[in-house]
Every structure is written in structure tokens, then in C-alpha cells.
Enquirer: 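Below is one structure. I have some questions about it.
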Amino acid sequence: GGLSQLTGLDLSSNQLQGEIPSSLGYLTNLDELYLSDNNLTGIIPDTFQNLESLIILRLNNNRLTGTFPFYIARSSILKDLQLKNNNFYGQIPLEDSLPYQLISLQIGNNNFSGSINFILQTLAIQTLDLSYNQFNGTLPSFQRFYAMSRLMLNNNKLSGEIPALSNSATPLSYIDLSNNQFSGQLNYELLPLQATYINMSHNQISGYIPQQYSTFITLEILDLSYNRLYGSLPTALSRVITMTQLILDNNGFIGEIPSSYASLVNLQVLSISQNQFNANNLSTLFQLTSLRTLNVSGNRLTGTIPQSIGNLNSLETFDVSRNQIEGSLPSSFFSLRPLQQIKLDGNRLEGTIESFGSDPKSLDISSNYFTGNLSFLNSFTSVSFLNISGNSFTGQVPDLSFKKQLSIVDLSNNQLS
């Protein structure tokens, strides 16, 4: 037809519905086809095997189904294949291994299954996204993938030990292996020194964090939560001053938080809940002035909350619940204006509660020894969760009828009238 010379077609981000027209497969000069972000259904037409000039095919964010389109993927010139967020399914056999020159394969959020060894020949690949599928089995070594920069294998059923993910020349910087069944020890030699994002959370990885992690001098986010790690925090990690998020929840870490961690001046998220830290001096934490989230709940922390908490003037989430912290809250705590989520429950805190400088959405100060009246609640307008149970508050129950966002309230086990 009249469009037979068309080389590029972009119909993405429209409201296209129904099946992909088979007539598109007769536009044999197409080298780029974009149909992402529509409401397309059905399978990829067989006529697409005529598109032998195709270099880029993007079908993300539709409701397409069927098995992996081998007849397209085997093309000797295809470089970019994206099928994210659809309903594709089935295994991708090794004999249908993909071509060497493919630089981007993004097929996350489908129902693909089986081994991932079909990628073994794609040595030029730069971005590999197989996340949110049902892939299983062990990982091949990625050391021969000389160009890979982004590796996303999260939310599958992959298992076994994690092999070497790169060699010294690989530009791999973004690694997400979370929510699988990986086991074995943490070995820093498996990871590239230039990594900026490492997420290995929700696996069964054991051992301790090697001191050599201090060599990741560009690392910004490290998430090792929900594993079987143990030992104390390596002091050397404090040299990674580029780090913005350190997430180590639900492991078996012990000991104090090293005072050298005060040098992590760019840290915005520190989440180390559900471990066995037993520090009695929390002052290191309150030198991290960029923090937005601080979660140290479910440990064995003692001591008091110091006046220096006032340094954290960007703090939005503060969770020290289920520890053994005592004393009264310092006045500087109440001047923190950004605070939205506050969890102090299950400690030995005492004294009265002043008016807050912020308007929190969630406040849980239950199971402590607080006293005084509840006048501090008067200024709250955005609170949706409020638990002050198990204290010794006195005076009248306040009128909460004007707090329109409020969905859960627990004032039980106090001395209110």
C-alpha cells in the first residue's frame, strides 16, 4: 500500500484497543515500531515475522498475551525489544537464544517461566529486565557481558548462589536481585566497584557484610534487608559517603552503630529495624542531618533521645519502636516540622507531650509511660492513625470529630475521663 516505504511508526500513549492489526506486518521497511501505553489485547500477529528490518520494537504497558515472539527476537539486526507489563507467558528455551547484538531486552511484569539461560549469547546487552516473572533455576555468570549497565532480575523464583556479576571492565551500575531465593554468602568480588544501586533484599543470603564494601565509592543505595546476615556493621562502610539509602532490616546484625557512620552526610534513609543492635548512645544517628527516614525499630537500643535530634530538620519518618529507650522527649523533637510518621511505641519513654511543630499523619506512642493531658492533639489536622494506648494520660478525652482523615484511634489503657 501507500505506506510501504514507512521506516518508523509511533502510536504509543494513545487509547488503541483490540488486537494489533496484522496489516502492520506488511510494512516491511519498518525499523522502529512503538505501540506502548495503549489497551491492546490478543497475540502479536504472525505477520510480524515479515518485519526483517526491525531494530526497535516496544509493546510495553498493554494487555497482550501469547508466548515469546521468537520469530522477531531472532532477527540479526534487532537491538531493542520491550514487552514490559503485559500477559505474555511460557518458557524461553535455550535453543532459541537471542542474538548477540541485542542491547536492550525488557520483558518484566509478565508470566514468563523456566531458565534464563536464553540470554547467554546476548553479550552486547546493556539493559536486561526480566523482573516480576516466574523464572527459576540458577544464574549464569555475567562476566562475559562486557556492556551491561542495568540488571533487573527481581521478583522471580531464582535460586542458588549469586555468581560473579561483572568483570572490572563492565559498566554495570544498577543491580536488582531482590525477592528471589538466592542463598550463599555475600562476596564483594561478585559486584562491580562502580555500582550505584544494589538491591539483594528478600533472599536467603547469609554471612556478614565484608569490609571491602568500602570500595564501592559511587554506591548510592544498598538494600540487603530480609536476609540471614549477621555480625556487626563494618566500620569501613562509613567511607561510602555517596550513599543515600542504607537498608538492612530483618537480619541478625548485632553490636553498636559505629560512630564513624556520622560521616555518611548524604544518607537520607537509614532503616535497620528487626536486628539485635544494642547501642546505648544514639548520638551518631542524630548527626546524619540529611535523613528523611530513620527506622531502628525492633532492636535492643537503650539510652535516651538527645537534644541533637533537632539537627534532623528534613526528617519525615521516625521509628524507634520496640526498643528500651527511656527518658523524656527533648524539646527539639517537637520543633521538627517535616515529621509525618512517628512511631515511639514499646519503649520506656516518660514525661509530657508538647505541641508538635509538624502535622503528622500517623502517631503511635503506645506502651510507654507518658503523662499529662492530650491538648497536643488539638493542632492535628491530617492525622489518620492515632495510638496513645498503654500510657498514663489524664484529663478529658478530646473532641476528634473535626479530624476528617482519622481512620484508626486507640486511647485505651490510660486514665482519661
Enquirer: Mark yes when over 12 heavy atoms from residues, nucleotides or ligands other than Tyr132 sit less than 6.0 Å from its OH; otherwise mark no.
Expert: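 It does not: Tyr132 OH has 12 such atoms or fewer within range.
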Enquirer: So, the side chain of Asn413 versus the backbone of Ser389: is there a donor-acceptor pair under 3.5 Å, distance only?
Expert: no
Enquirer: Cut-off 3.5 Å, side chains only: do Lys157 and Gln181 have a donor facing an acceptor?
Expert: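 Short answer, no.
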Enquirer: Please check this pair: side chain of Asn275 against backbone of Asn299, looking for a donor-acceptor N/O pair closer than 3.5 Å.
Expert: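 No; judged by distance alone, with no hydrogens or angles, the pair does not exist.
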Enquirer: What pairs of donor and acceptor atoms, side-chain ones from residues 76-85 against any protein atom, are under 3.5 angstrom apart with sequence neighbours left out?
Expert:
residue : atom : partner : partner atom : Å
Asp80   : OD1  : Gln82   : NE2          : 3.0
Asp80   : OD2  : Arg58   : NE           : 3.1
Asp80   : OD2  : Arg58   : NH2          : 2.6
Asp80   : OD2  : Gln82   : NE2          : 3.4
Gln82   : OE1  : Asn60   : ND2          : 2.9
Lys84   : NZ   : Gln106  : OE1          : 3.2
Asn85   : OD1  : Asn109  : ND2          : 2.8
Asn85   : ND2  : Asn61   : OD1          : 2.6

Enquirer: Could you tell me whether the side chain of Arg348 reaches within less than 4.5 Å of the side chain of Tyr369, counting heavy atoms only?
Expert: yes
Enquirer: Identify the residue among Ile205, Leu229, Asn180 that makes a side chain to side chain contact (heavy atoms under 4.5 Å, CB included) with Met200.
Expert: Ile205
Enquirer: First locate atom CG of Asn14, then atom CG of Leu11, and finally report the distance between them rounded to the nearest 0.5 Å.
Expert: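 Those atoms lie 6.5 Å apart.
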Enquirer: Is the count of non-hydrogen atoms from other residues, nucleotides or ligands lying under 6.0 Å from Glu52 atom CD greater than 12?
Expert: no
Enquirer: What I'd like to find out is whether the side chain of Asn387 reaches to under 4.5 Å of the side chain of Asp345, using heavy atoms alone.
Expert: no
Enquirer: Which side-chain N or O atoms in residues 135-146 pair as donor and acceptor under 3.5 Å with protein atoms at least two apart or in another chain?
Expert:
residue : atom : partner : partner atom : Å
Ser141  : OG   : Gln143  : N            : 3.3
Tyr146  : OH   : Tyr100  : OH           : 2.9

Enquirer: Below 30° counts as parallel, above 60° as perpendicular, anything between as tilted: where do the rings of Phe356 and Phe334 land?
Expert: perpendicular
Enquirer: Is it true that the side chains of Asn39 and Arg63 contain a donor and an acceptor less than 3.5 Å apart?
Expert: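 Checked: Asn39/Arg63 side chains pair up, N/O donor to acceptor below 3.5 Å.
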Enquirer: Say you draw a straight line from CG of Leu151 to CG of Leu130; how long is it, rounded to the nearest 0.5 Å?
Expert: 8.0 Å
Enquirer: Distance from Asp10 atom CG to Glu32 atom CD, nearest 0.5 Å?
Expert: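 Reported value, rounded in 0.5 Å steps: 9.0 Å.
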Enquirer: Would you say Leu282 and Val296 make side-chain contact, with heavy atoms under 4.5 Å?
Expert: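 Leu282 does not reach Val296 side chain to side chain.
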Enquirer: Let me know which of Thr293, Asn295, Leu285 forms a side chain to side chain contact (heavy atoms under 4.5 Å, CB included) with Leu270.
Expert: Leu285
Enquirer: Taking the inter-plane angle between the rings of Phe118 and Phe68 on a 0 to 90° scale, is it parallel (under 30°), tilted (30 to 60°) or perpendicular (over 60°)?
Expert: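 Geometry flag for Phe68 against Phe118: tilted rings.
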Enquirer: Checking side chain to side chain contact (heavy atoms under 4.5 Å, CB included) between Phe88 and each of Asn110, Asn133, Asn111, which is the one that passes?
Expert: Asn110
Enquirer: Checking side chain to side chain contact (heavy atoms under 4.5 Å, CB included) against Val269, which of Ile221, Asp223, Ile247 comes through?
Expert: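 Of the listed options, the one satisfying the test is Ile247.
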Enquirer: Which residue pairs satisfy the side chain to side chain donor-acceptor pair (under 3.5 Å) criterion with at least one member in residues 254-265, sequence neighbours excluded?
Expert: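 Sorted result for residues 254-265: Ser238-Ser260.
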Enquirer: Can you tell me how far the CG atom of Asp410 sits from the CZ atom of Phe385, to the nearest 0.5 Å?
Expert: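 Those atoms lie 7.5 Å apart.
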Enquirer: Can you tell which of Thr302, Leu301, Ile325, Thr304 makes a side chain to side chain contact (heavy atoms under 4.5 Å, CB included) with Asn280?
Expert: Thr302
Enquirer: Verify, without hydrogens or angle tests, whether Asn50 (side chain) and Tyr26 (backbone) share a donor-acceptor contact under 3.5 angstrom.
Expert: no
